**Student:** 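Here it is, the structure in full.
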Amino acid sequence: MIERIEEIEVEAVADVGAADSTAALEEARVRYLGRKGELTSILRGIAEIEPSRLGAVGAAANHTRKTIEALIDERLEALEAAELEASLVEDRIDVTLPGSPARAVGHLHPITRTRRLIEDVMIGLGYQVMEGPEIEHDFYNFTALNHPEDHPARMLQDTFYVDVSGPVEVEGEGPRDVLLRTHTSPMQVRAMEAEPPPIFMIVPGKTYRRDSDATHSPMFHQVEGLAVGEGITLADLKGTLLAMLREIFGPDRQIRMRPHFFPFTEPSVEFDVSCFRCDGTGNLPDGARCGLCKGIGWIELGGAGMVDPNVFGFVSESGYDPDSVTGFAFGFGIERIAMLRHGVGDLRLFFDNDVRLLEQFS
Ligand code: DAH
């Protein structure tokens, strides 16, 4: 019996030494130490051994079991360390590899950037920025801006009317009472309705007209300006426009105002900025005619004027009394400013969303 126990030990030493994985080692452990293992059954049957040999057999079997247990523990530790090492090598992540291609970071649209530039300049001059509805009542778009019904000036802004005869009937609204605003000027009246004088505000936003060519699009952006208070004059308008346009087009710019007509300002002007390419001379250094201002030296930008007392008449309840306050208003297109600043020849390019164009403004 003791011989057999010694044989088992020799076999176990060989098998444990040969186990090349923790799974193979576990098989060996079950074989030698498991419940069905030979050594276990010897130990279990020890009671039946004759008393004189009991001590020696028991001691040998226990010694062998302990030896095998210690061997297995030792081997297990070595195999586990080797397997961990192998899995670390196999699962290795090479952090030095380049990641998936970096995503290009987007940027603001040139029209948005131009709008923000104008806002920054005007906020710096103490103006507040307001927004108004793009779907507007005829009343604000025309009537309260001193365009009486059937006034020919309405024809200048061929308009998109909104059909309000749909499922929800709007009381008192006829087929031509609601429209896509043709300019940002309606906010002059809405702002004065909302706040008493003095008021200094600009309104950037989308406007709509039935117009489409290289310099007009059915949707475009305008900035409206309004300043009302005591003692405001046309000279203040000129100084304000000059300060704004010098920020946008450079410190050497000049402006000029030409008489014009707008129903809601009196007197009314159109204002021009001196050409920043030829420095207002109309000619380039090589003597050629300046293509930007077409040799005129001035670039037309927008309309302006002193708020017509008739407009104040629509907001007299908010404290706008033409005998005590005066004001100026101006309006111009954001696309035009962006086209000039960036040398974009066709306004429609801004709305094609072609990244080859947009990328150039990053
Ligand atoms: N709303 C005018 C247009 O779209 C521009 C304009 C002219 C605005 C004179 C003004 C102004 O505030 O005083 O053609």
Side-chain angles (χ1 to χ4, degrees), residues 115 118 122 125 127-134 136-147 151-160 179-192 199-211 215-229 232-242 244-245 255-273 299-312 314-315 320 322 325-337 347:
R115 169 173 62 75
I118 298 161
M122 295 310 291
L125 290 177
Y127 282 65
Q128 57 176 317
V129 179
M130 291 181 136
E131 287 189 334
E134 290 170 30
E136 186 54 285
H137 293 275
D138 171 283
F139 173 78
Y140 289 107
N141 197 81
F142 289 128
T143 308
L145 288 171
N146 203 30
H147 293 69
H151 191 287
R154 291 183 175 220
M155 304 267 294
L156 293 173
Q157 302 186 350
D158 209 350
T159 305
F160 296 109
L179 44 85
L180 299 183
R181 65 179 177 190
T182 59
H183 50 177
T184 43
S185 305
M187 268 306 285
Q188 289 186 25
V189 180
R190 287 182 176 274
M192 288 191 283
I199 189 167
F200 294 86
M201 65 94 180
I202 60 162
V203 184
K206 289 189 173 66
T207 50
Y208 303 84
R209 289 184 203 179
R210 228 179 117 261
D211 249 349
T215 52
H216 297 89
S217 109
M219 185 283 299
F220 62 108
H221 298 78
Q222 283 192 336
V223 176
E224 191 76 14
L226 177 71
V228 183
I232 291 181
T233 70
L234 200 68
D236 297 316
L237 168 63
K238 190 168 183 183
T240 303
L241 292 176
L242 184 61
M244 177 180 78
L245 295 174
I255 64 161
R256 74 173 182 183
M257 304 198 298
R258 291 173 284 106
H260 200 75
F261 170 80
F262 293 103
F264 43 97
T265 40
E266 182 61 34
S268 297
V269 300
E270 278 192 326
F271 59 93
D272 306 337
V273 65
I299 298 169
E300 188 183 318
L301 283 186
M306 300 304 290
V307 178
D308 192 301
N310 287 347
V311 175
F312 287 140
F314 285 95
V315 288
Y320 291 85
V325 292
T326 53
F328 62 74
F330 58 86
F332 57 90
I334 299 180
E335 282 79 1
R336 183 150 172 72
I337 304 278
L347 169 146

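Read the numbers this way: they start at 1 and go in the same order the structure lists the ligands and their atoms. Just so you know, these numbers use all the heavy atoms, side chains as well, and skip hydrogens, waters and symmetry mates. All of these numbers come straight from a predicted model, not from anything done at the bench. In this chain, numbering begins with 1 at the start of the sequence shown.
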**Student:** Using distance only, find each side-chain donor-acceptor pair of residues 330-337 under 3.5 Å and give its atom names and separation, not counting sequence neighbours.
**Tutor:**
{"from": "Glu335", "atom 1": "OE1", "to": "His221", "atom 2": "N", "distance (Å)": "2.9"}
{"from": "Glu335", "atom 1": "OE2", "to": "His221", "atom 2": "N", "distance (Å)": "3.1"}
{"from": "Glu335", "atom 1": "OE2", "to": "His221", "atom 2": "ND1", "distance (Å)": "2.6"}
{"from": "Arg336", "atom 1": "NE", "to": "Glu300", "atom 2": "O", "distance (Å)": "2.6"}
{"from": "Arg336", "atom 1": "NH2", "to": "Glu300", "atom 2": "O", "distance (Å)": "2.8"}

**Student:** Residues two or more places apart in sequence or in another chain: which of them pass ring pair (Phe, Tyr, Trp, His ring centres under 6.0 Å) with Phe220?
**Tutor:** none

**Student:** Begin from the C-alpha positions of Leu241 and Leu237 and carry the test side-chain contact (heavy atoms from CB on, under 4.5 Å) through to its verdict.
**Tutor:** CA-CA 6 Å; Leu241 292 176; Leu237 168 63; 3.7 Å; yes

**Student:** Heavy-atom contact under 4.0 Å between Ser185 and ligand 1?
**Tutor:**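 For ligand 1, residue contact (heavy atoms, under 4.0 Å) with Ser185 is present.
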
**Student:** Atom CD in Glu136, atom CZ in Phe142: separation rounded to 0.5 Å?
**Tutor:**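 It is 10.5 Å, given to the nearest 0.5 Å.
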
**Student:** Only heavy atoms count here, so choose which of Phe262, Phe261, Phe332, Phe264 is nearest to atom 10 (C) of ligand 1.
**Tutor:** Phe264

**Student:** Please identify which atoms of ligand 1 are closer than 4.0 Å to at least one heavy atom of Gln188.
**Tutor:**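 Listed by number with element, the hits are 12 (O).
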
**Student:** Return yes or no for this condition: an N or O of Gly303 is under 3.5 Å from an N or O of ligand 1.
**Tutor:** no

**Student:** Considering only heavy atoms of Gly305, which atoms of ligand 1 have at least one such atom less than 4.0 Å away?
**Tutor:**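 So the atoms of ligand 1 that pass are 13 (O).
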
**Student:** Distance from Met257 atom CE to Glu270 atom CD, nearest 0.5 Å?
**Tutor:**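 Output value for this atom pair is 12.0 Å.
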
**Student:** Any idea which atoms of ligand 1 are less than 4.0 Å away from a heavy-atom of Gln222?
**Tutor:** 3 (C), 4 (O)

**Student:** Determine, stepwise, if the pair Leu145 / His183 fulfils side-chain contact (heavy atoms from CB on, under 4.5 Å).
**Tutor:** CA-CA 11 Å; Leu145 288 171; His183 50 177; 3.7 Å; yes

**Student:** Is there a nitrogen or oxygen of His183 sitting under 3.5 Å from a nitrogen or oxygen of ligand 1?
**Tutor:**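 For ligand 1, there is an N or O atom that lies under 3.5 Å from one belonging to His183.
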
**Student:** Show the atoms of ligand 1 that are less than 4.0 angstrom away from any heavy atom in Arg209.
**Tutor:**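 The list of qualifying atoms is 3 (C), 4 (O), 14 (O).
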
**Student:** Which of the atoms of ligand 1 are close to Thr265, meaning less than 4.0 Å from one of its heavy atoms?
**Tutor:** 13 (O)

**Student:** Hey, what's the ring geometry for Phe139 with Phe314, parallel, tilted or perpendicular (30° and 60° as the breaks)?
**Tutor:** perpendicular

**Student:** Heavy-atom contact under 4.0 Å between Met187 and ligand 1?
**Tutor:**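 Outside the 4.0 Å threshold, so no.
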
**Student:** Report yes if the side chains of Arg210 and Phe160 come closer than 4.5 Å at any heavy-atom pair, otherwise no.
**Tutor:**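 In contact.
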
**Student:** Are any of the heavy atoms in Ala304 under 4.0 Å away from ligand 1?
**Tutor:**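 The answer is yes, since Ala304 has a heavy atom less than 4.0 Å from ligand 1.
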
